[in-house]
Amino acid sequence: MSVQLEEATDRLRQMLLDGSFPPGKKLREVSVAESLGVSRTIARLSMSALEHEGLLTRELNRGSRTRAFDVEEIIDAIEVRGELEAMAARLAAERGVTPEYRDRLQQAVAEAEDLLAGRIETEEQRTAWVAMNTRFHEALVAASGNRSIAVAIRQMMALPLVSPASIIFERNDPALGHMQLLSSHGDHVAVLDAITAHQGHRAEALVREHAFRSAQNKRRNLSDPAALDHARSLPGGKLIVAGDTAYPRRSKRRLASAGPDA
């Protein structure tokens with residue numbers, strides 16, 4: 001990919017995630033080229049790349065449209081990301097985690113413990129938790145030493161609310177919110193213990209369950225209109241459309257015990 005094409009694709013992706021084009025908006029090459037200040041060829045290739053990522057959809061002989069995402073699509077994508085991270089955890093445990101990545105994982109766990117010494121209630125504290133969670137998951141993937149997993153996860157995280165940084169906190173019930181964060185932290189501690197003990201299948205199962213429960217909580221939390229409004233302020237959130245969030249296809253098991261997000 002040329003530098004110009006890469007930059008144009010990055011800018012167009014950011015415009016989509018920022019909500020510059022509403023869900024279902026038809027995009028034409030000429031208007032995209034004008035918005036990006038590039039040729040129609042570069043615009044077409046950028047749009048094609050984002051169709052591949054899932055942010056645009058192509059209609060036969062009708063150009064491209066901005067994708068609209070319902071909650072179930074988001075849940076499905078989080079569970080796919082969880083499967084990839086589960087494989088990463090197994091590989092890290094089996095191959096042996098390097099001191100660098102072990103330290104990064106341990107530092108994230110220690111930061112979480114410091115934050116949990118009190119209640120995480122302010123926006124500054126929530127921002128710190130999001131940063132910690134992101135670093136833990138990034139280190140987990142990197143520790144696997146598998147670049148293909150990293151590439152696949154990076155593509156999944158381009159979708160709305162799929163990234164570990166897209167946390168939907170429980171804001172209406174502080175006690176429940178604190179319990180969720182404690183549970184999420186406990187998952188991270190157990191995963192780190194399994195990796196350092198070279199227990200590959202255990203690490204894999206723990207990460208898979210962590211992602212599953214977190215996805216269920218995201219579905220539940222997004223059924224709250226206030227939480228959905230907040231989610232739309234996150235990257236890609238403006239592409240979310242309201243839908244049936246009454247658990248139409250998934251088990252309700254253990255919803256209250258998991259953390260707010262993976």
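Since the model is a prediction, treat every value here as computed from it, not as a measurement. Heads up: numbering here begins at 1 and tracks the sequence.
Linking Ile, Leu, Val, Met, Phe, Trp and Tyr whenever their side-chain heavy atoms come within less than 4.5 Å puts Leu140 and Val189 in one cluster. Both Leu55 and Phe21 are members of a single hydrophobic cluster when ILVMFWY side chains are connected at heavy-atom separations under 4.5 Å. Transitive grouping of hydrophobic side chains (ILVMFWY, heavy atoms separated by less than 4.5 Å) brings Phe69 and Leu12 into a common cluster. Residues Leu27 and Leu239 share a hydrophobic cluster, clusters being chains of Ile/Leu/Val/Met/Phe/Trp/Tyr side chains in contact below 4.5 Å. Following chains of ILVMFWY side-chain contacts shorter than 4.5 Å, one cannot reach Val207 starting from Ile153, and the two form parts of different hydrophobic clusters.
Rounding to the nearest 0.5 Å gives a distance of 11.5 Å between CZ of Arg65 and CG of Leu56. From Lys238, atom NZ reaches atom CZ of Arg232 across 10.0 Å, with rounding to the nearest 0.5 Å. Here Ile78 contributes atom CD1 and Met156 contributes atom CE; the two are 9.0 Å apart, rounded to the nearest 0.5 Å. Taking CG from Leu91 and CD from Glu204, the interatomic distance works out to 8.5 Å, rounded to the nearest 0.5 Å. Here the straight-line distance linking atom OG1 of Thr127 with atom CD1 of Ile120 works out to 11.0 Å at 0.5 Å rounding.
Contact of the Ile168 side chain with the Asp224 side chain is not registered, since no non-hydrogen atoms from C-beta on lie closer than 4.5 Å. Using a 4.5 Å cut-off on side-chain heavy atoms (C-beta onward), Glu209 and Leu206 make no contact. Contact check for Val130 versus Ser166: no side-chain heavy atoms found under the 4.5 Å cut-off. Residues His210 and Glu85 form no side-chain contact, since every pair of their non-hydrogen atoms from C-beta on lies 4.5 Å or further apart. Between Met179 and Leu176, some side-chain heavy-atom pair lies under the 4.5 Å cut-off. In this structure the side chain of Arg126 never reaches within 4.5 angstrom of the side chain of Trp129, judged on heavy atoms. The closest side-chain heavy-atom distance from Phe212 to Gln216 is below 4.5 Å. Side-chain contact between Ile74 and Leu159: absent, with no pair of heavy atoms (C-beta onward) separated by less than 4.5 Å.
Judged purely by atom type and a 3.5 angstrom limit, Lys25 has no side-chain atom pairing as donor or acceptor with the backbone of Ser20. A donor-acceptor distance shorter than 3.5 angstrom exists from the side chain of Glu73 to the backbone of Asp70, with no hydrogens or angles considered. For Arg81 (side chain) and Met157 (main-chain N/O), no donor-acceptor pair under 3.5 Å exists by modelled atom type.
By the 30° and 60° cut-offs, the orientation of the rings of His137 relative to His188 is perpendicular.
Residues Ser35 and Met15 come closest through the heavy atom pair CB-CE, 4.1 Å. When all heavy atoms are compared, the tightest approach of Pro164 to Thr134 is C-OG1, 4.1 Å. What you find for Ala211 and Gly82 is that their closest heavy atoms are CB-CA, 3.5 Å. Here the shortest heavy-atom pairing between Ile75 and Lys218 reads CD1-CB, 4.1 Å. Nearest heavy atom pair, residue Leu222 against residue Ala227, reads CD2-O, 4.2 Å. Closest of all the heavy-atom pairs between Arg202 and Ala190 is NH1-O, 4.0 Å.
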Quiz item: Taking it one step at a time, do Arg208 and Glu79 satisfy salt bridge (Lys or Arg N to Asp or Glu O under 4.0 Å)?
Solution: CA-CA 8 Å; Arg208 181 178 293 114; Glu79 291 185 359; over 6 Å; no
Self-check item: Check against side chain to side chain contact (heavy atoms under 4.5 Å, CB included), Leu182 and His178
Solution: CA-CA 6 Å; Leu182 284 171; His178 186 68; 3.6 Å; yes
Self-check item: Candidate pair Arg213 and Asp187, rule salt bridge (Lys or Arg N to Asp or Glu O under 4.0 Å), full reasoning
Solution: CA-CA 11 Å; Arg213 292 183 307 191; Asp187 287 348; 2.6 Å; yes
Quiz item: Passes side chain to side chain contact (heavy atoms under 4.5 Å, CB included), Asn217 versus Arg220? Steps please.
Solution: CA-CA 5 Å; Asn217 272 341; Arg220 183 199 60 199; 3.2 Å; yes
Exercise. Apply side chain to side chain contact (heavy atoms under 4.5 Å, CB included) to Leu115 and Leu181, showing your working.
Key: CA-CA 10 Å; Leu115 287 167; Leu181 295 176; over 6 Å; no
In residues 92-114, what donor-acceptor pairs under 3.5 Å come from side-chain atoms, sequence neighbours left out?
from, atom 1, to, atom 2, distance (Å)
Glu94, OE1, Arg90, NH1, 3.2
Arg95, NH1, Ser144, O, 2.9
Thr98, OG1, Tyr101, N, 3.4
Gln107, NE2, Glu111, OE2, 3.4
Glu111, OE1, Arg135, NH2, 2.5

Atom pairs and distances, donor-acceptor, side-chain atoms in residues 39-51, under 3.5 Å, two or more places apart:
from, atom 1, to, atom 2, distance (Å)
Ser39, OG, Ile42, N, 3.2
Arg44, NH1, Glu29, OE1, 3.4
Ser46, OG, Thr9, OG1, 3.3
Ser46, OG, Ile42, O, 3.0
Glu51, OE1, Arg58, NE, 3.2
Glu51, OE2, Arg58, NE, 3.2
Glu51, OE2, Arg58, NH2, 3.1
Glu51, OE2, Ser64, OG, 2.5

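For residues 145-157, no pair satisfies side-chain hydrogen bond (donor to acceptor under 3.5 Å, both in side chains), with sequence neighbours left out.
Few gaps surround CD on Glu123; more than 12 heavy atoms of other groups in view lie less than 6.0 Å from it.
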